There are 2 protein chains.
Amino acid sequence: MDFIKEKLEQGEYRLTRQRQVILDVMQEAEGEHLTAEEVLLAARRQSPRLGIATVYRTLERLASLGILYKSRFDEGKHRYEMADASQHHHHHIQCVGCGRIFELAEGLLDGIENEVNQQGFAVINHRLTIYAMCPQCKSE
Amino acid sequence: MDFIKEKLEQGEYRLTRQRQVILDVMQEAEGEHLTAEEVLLAARRQSPRLGIATVYRTLERLASLGILYKSRFDEGKHRYEMADASQHHHHHIQCVGCGRIFELAEGLLDGIENEVNQQGFAVINHRLTIYAMCPQCKSE
DNA sequence: TCAATAATGATAATCATTATCATTTTGGTA
DNA sequence: TACCAAAATGATAATGATTATCATTATTGA
Ligand SMILES: [Mn+2]
Ligand SMILES: [Mn+2]
Ligand SMILES: [Zn+2]
Ligand SMILES: [Zn+2]
């Protein structure tokens, strides 16, 4: 939590009330992947005058600082979650039955990454989403 | 080429002039990944009155028949290419330098897929994009 | 305290895609 | 061959997420 404040202060980035509220929302949404609209809804309980533009600006900024992790599934919008300090990037399984999103451990793609580097590329990042039926949906 | 006509005819799907032109464009764009707008531009050389709505409808239809393969990179729009009959799905490397898109062999993810199935899921599909510097951009 | 700068929020603009609907084309049928 | 119903087309409006604009407000440091 405090590494966040550090990052914020390093980056000449003021921790305003609005930003604090948005951060709180994100931290309380453990395990969820929220859209900007969903963040707005939740944040307005603390800060009713909050505008959607500020939410977009803040989420974008926090993501570029590595504090949030931004993903997009097969919808027209982005989703955000707290970035665990340890994992550079991680991947998801989206259930095609119930739509729920599950986490996938990091490092699964190291082999592939190596192979691609061998071919002369320099891998910088990658994004993987697996579409599956989750155990529960499977058994129905 | 002819498996396309089969599929089209099976699916009570008329091969109109517009659709033929769009297919031609896609087949001539070997190795490219085109947006709807780009398809429209090219197709209008053969069929100047072609409308964008028809392009969207046709691309969508052909993709759902498995004739085209639809992807989205870190842009706000989709890109289409002919689906090679053999490969169910394939993956891409996008160069963060020049933006070019390279193909990645299929089957790389079979290991991961098995692992996820082991955990009780039933994997249906997956999407992977690797971001890297391509050999040329790397050497500059 | 004051001026410079940053942040906010309302709202307009953007842009890809989808929906609507009147018109045209097609394929079968009498 | 003439006609009808269904399918397809194209112009255009609508949608929805995101970004840009800009006047107002808040914060900072001298
Ligand atoms: Mn996640
Ligand atoms: Mn491809
Ligand atoms: Zn499920
Ligand atoms: Zn390159």
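Bear in mind the structure is a predicted one, so any value in this text is a computation, not a measurement. Note on naming: letters A, B, ... go to the chains in the order of the sequence lines (proteins, then strands), and numbering restarts at 1 for each one.
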Phosphate contact (dA10(C) OP1 or OP2) by Arg49(A) side-chain N/O below 4.0 Å: yes

Whole-Å distance separating the CZ atom of Arg44(B) from the P atom of dG10(D): 9 Å

Between P of dT18(C) and CG of Leu59(B), the distance in whole Å: 11 Å

Rounded distance in Å - CD (Gln18(A)) to P (dA10(C)): 11 Å

Most 5' of Arg17(B) and Tyr56(B) on DNA chain C, judged by nearest nucleotide: Tyr56(B)

Separation of atom CG in Leu15(A) from atom P in dT28(D), rounded to whole Å: 11 Å

Closest to side chain of Arg14(A), choosing from dT17(C), dG10(D), dA6(C): dA6(C)

Which nucleotide in dT17(C), dG10(D), dT18(D) has an atom nearest any side-chain atom of His78(B): dT17(C)

Rounded distance in Å - CZ (Arg72(B)) to P (dT18(D)): 10 Å

Donor + acceptor pair across side chains of Asp24(A), Gln20(A) (<3.5 Å): yes

Whether Arg19(B) side chain and Arg14(B) backbone form a donor-acceptor pair below 3.5 Å: yes

Atom-pair distance (NZ on Lys77(B); C1' on dT17(C)), nearest Å: 13 Å

Residue met sooner reading DNA chain D from 5', once Thr35(A) and Gly51(B) are mapped to nucleotides: Gly51(B)

Nearest-nucleotide 5' precedence on DNA chain C, Thr54(A) against Ile52(B): Thr54(A)

DNA chain D: 5'-proximal contact among Arg57(A) and Glu37(A) (nearest heavy atom): Glu37(A)

Listed nucleotide nearest any side-chain atom of Thr16(B), set dT18(C), dA8(D), dA7(C): dA8(D)

Leu23(B) to Leu15(B) - nearest heavy-atom pair and separation: CD1-CD1, 4.2 Å

Whole angstrom value for the distance that separates P of dT17(C) from CD of Glu60(B): 9 Å

Atom pair distance, as rounded to whole Å: NZ in Lys70(B) and C1' in dT17(C): 9 Å

Lys/Arg-Asp/Glu bridge criterion (N-O < 4.0 Å) met for Glu32(A), Arg79(A): no

Side-chain touch His33(A)/Glu103(A), heavy atoms, less than 4.5 angstrom: yes

